[in-house]
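For reference, the structure discussed in these notes is given below.
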2 protein chains.
Amino acid sequence: MSDLLERLRGRGWRMTAQRRVVAEVLDGEHVHLTADEVHARAVGRLPEISRATVYNTLGELVTLGEVLEVSTDRRAKRYDPNAHQPHHHLVCARCGAIRDVHPTGNPLTSLPDSERFGFTVEGVEVTYKGICPNCATA
Amino acid sequence: MSDLLERLRGRGWRMTAQRRVVAEVLDGEHVHLTADEVHARAVGRLPEISRATVYNTLGELVTLGEVLEVSTDRRAKRYDPNAHQPHHHLVCARCGAIRDVHPTGNPLTSLPDSERFGFTVEGVEVTYKGICPNCATA
DNA sequence: CTAATTGCAAAAGATTTGCACGAAC
DNA sequence: GTTCGTGCAAATCTTTTGCAATTAG
C-alpha cells in the first residue's frame, strides 16, 4: 500500500482514479521519475489518463510538499516522493541515474551572515556527482 | 577586459566575433544568465548573432569546463562563468535570483562508502534556498 | 585553401493552457 | 447540485538539428 496515498487521504485530498494511480506510481525509495515516465507507468494501470492530468497532479503534489522536484542537468525534471525523510542525491553524470543518500553525521553549517546577501535561508540541497557502476563498466 | 576571454585565447580557442561577444557577456561574478538572456545581451553588441550560435557556444564553453551549467527549478538552464573558483549557490525560491557563496570553513565530508551505491564520486554541489531581500519586502 | 563556425528555419522535447464534459463529495 | 478534476488539442518555451554560405587561421 502506498504511504504517499495514505498521507494524501489524511489531508483530505479529493481522490480520483487518476490521482490514485499517480500517487501509486510515485511511491517508494530511490524513485525519481520524469513526468513522462510517470505518465507511461500510469497508462499501464489506467489507459485513458492524460499527460495534462499527470502534470497537474505532479504540480499539486509539489505544492502540497508531498513530492519534491529534482532539477537535473537534463531537460526533464524528476519527481521524488521521498519528501518526508531529509536526504540528498547522488547523480550519475553519464546516464543521469539518481540515488537517495542520507546526510552524513556532518550537520552542514548554515551559511554565515556575511554570505547571505540579505537572503533568508530556508534550506540546503546537496547533490553529489559521479559515475554509477553501470556506466563505469561500459 | 574579460578574464574568460583571456583564458579562452590562451587555450587556442578559435575566435570569432560571436564567440567573443558571448564570452564578454558572460564575464563577471554572480552572473547566471539563461541562454536567452545571453542572446539578448549579445544582440546588443552584435545584432546579427543567432540563438543557435549562442547555444553552440555555451555548450562548448561548458564542455571546455570554462562555464558551468546551473540547473534550477525553472525551465531554462543558467550559465555560470565563475568555473575556476569553487563556490556554491544561494537561490531565491520566489524570483530565482542566484548569488555565489563560498564554501564555509566546514569541509563537507565526502560520502561514506556505505552511501555510494558503487558510484565513483567526483564532486558535490550545494545549493542554499531562501528568499532574497527584494522578494521579502514585496 | 581547408576545416570549423554561422544563420536560418524547421524539428523536437517539455510543459502549460483554455475550455467543454464528467465525476467527487 | 456545485465545485473541482479531466482530456483534448493547441500554444508556448527551450533547445537541437541539418545544411548551405561564410570565415578564421
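By convention in this document, chain letters (A, B, ...) are assigned in the order of the sequence lines, proteins followed by strands, and residues within each chain are numbered from 1.
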- Message: From CG of B:D73 over to P of C:dA14, roughly how many Å is that when rounded to an integer?
- Response: 18 Å
- Task: Quickly work out the A:H39 NE2 to C:dG13 P distance and round it to whole Å.
- Result: 16 Å
- Item | Closest listed nucleotide, where the reference is the side chain of A:A76 and the choices are C:dA14, D:dG7, C:dG7 | C:dA14
- Message: Can you tell me if B:Y55 touches the phosphate of D:dT16, counting only side-chain N or O atoms and a distance under 4.0 Å to OP1 or OP2?
- Response: no
- Message: From CG of B:D36 over to P of D:dT16, roughly how many Å is that when rounded to an integer?
- Response: 13 Å
- Query: Quick one: does B:H87's side chain have a donor or acceptor within less than 3.5 Å of a partner on B:Q85's backbone?
  - Reply: yes
- Task: Please determine, by modelled atom types, if A:H30 and A:N82 share a side-chain donor-acceptor pair under 3.5 angstrom.
- Result: no
- Starting from the 5' end of DNA chain D, give me the residue, A:N56 or B:T34, whose nearest nucleotide shows up first. A:N56
- When rounded to whole Å, the CG to P distance for the pair B:L58 and D:dT15 reads 9 Å
- Message: Under 4.0 Å from OP1 or OP2 of D:dG7: is there any side-chain N or O of A:Q18 that close?
- Response: yes
- 5' precedence on DNA chain C between A:R75 and B:R75 (nearest-nucleotide basis): A:R75
- When rounded to whole Å, the NZ to P distance for the pair A:K77 and D:dT14 reads 11 Å
- Task: Compute the ring centroids of A:H32 and A:H89, then answer whether they are less than 6.0 Å apart.
- Result: yes
- Flag yes if more than 12 heavy atoms outside B:N134 fall under 6.0 Å of its CG atom; otherwise flag no. no
- Separation of atom CZ in B:R20 from atom P in C:dT6, rounded to whole Å: 11 Å
- Item | Test: B:R78 and B:E69 ion pair at under 4.0 Å | no
- Message: I want to verify a distance call: between D:dA9, D:dT6, C:dT6, whose nearest atom is closest to the A:A52 side chain?
- Response: D:dA9
Each nucleotide N or O in nucleotides 21-25 of chain D that has a protein N or O under 3.5 Å away: list the pair and distance.
from   : atom 1 : to    : atom 2 : distance (Å)
D:dA24 : O3'    : B:M15 : O      : 3.2
D:dA24 : N3     : B:R14 : NH2    : 2.5
D:dG25 : OP1    : B:M15 : N      : 3.2

- A:R78 has an atom CZ; how far is it from atom P of C:dA14, in whole Å? 10 Å
- Distance test, side-chain N/O of A:R51 to OP1/OP2 of C:dT15, below 4.0 Å: no
- Proximity to the side chain of A:E60 - top-ranked nucleotide from D:dG5, C:dT6, C:dT15: D:dG5
- Query: Counting side-chain heavy atoms from C-beta on, which of C:dT17, C:dT6, C:dG7 comes nearest to B:R19?
  - Reply: C:dT6
- Query: If two hydrophobic side chains count as joined below 4.5 Å and joins carry through other members, does A:I98 share a cluster with A:V124?
  - Reply: no
- CG of B:L4 to CZ of B:R20: how many Å apart, nearest 0.5 Å? 13.0 Å
- Starting at atom CG of A:L8, determine the distance to atom C1' of D:dG5, rounded to an integer number of angstrom. 15 Å
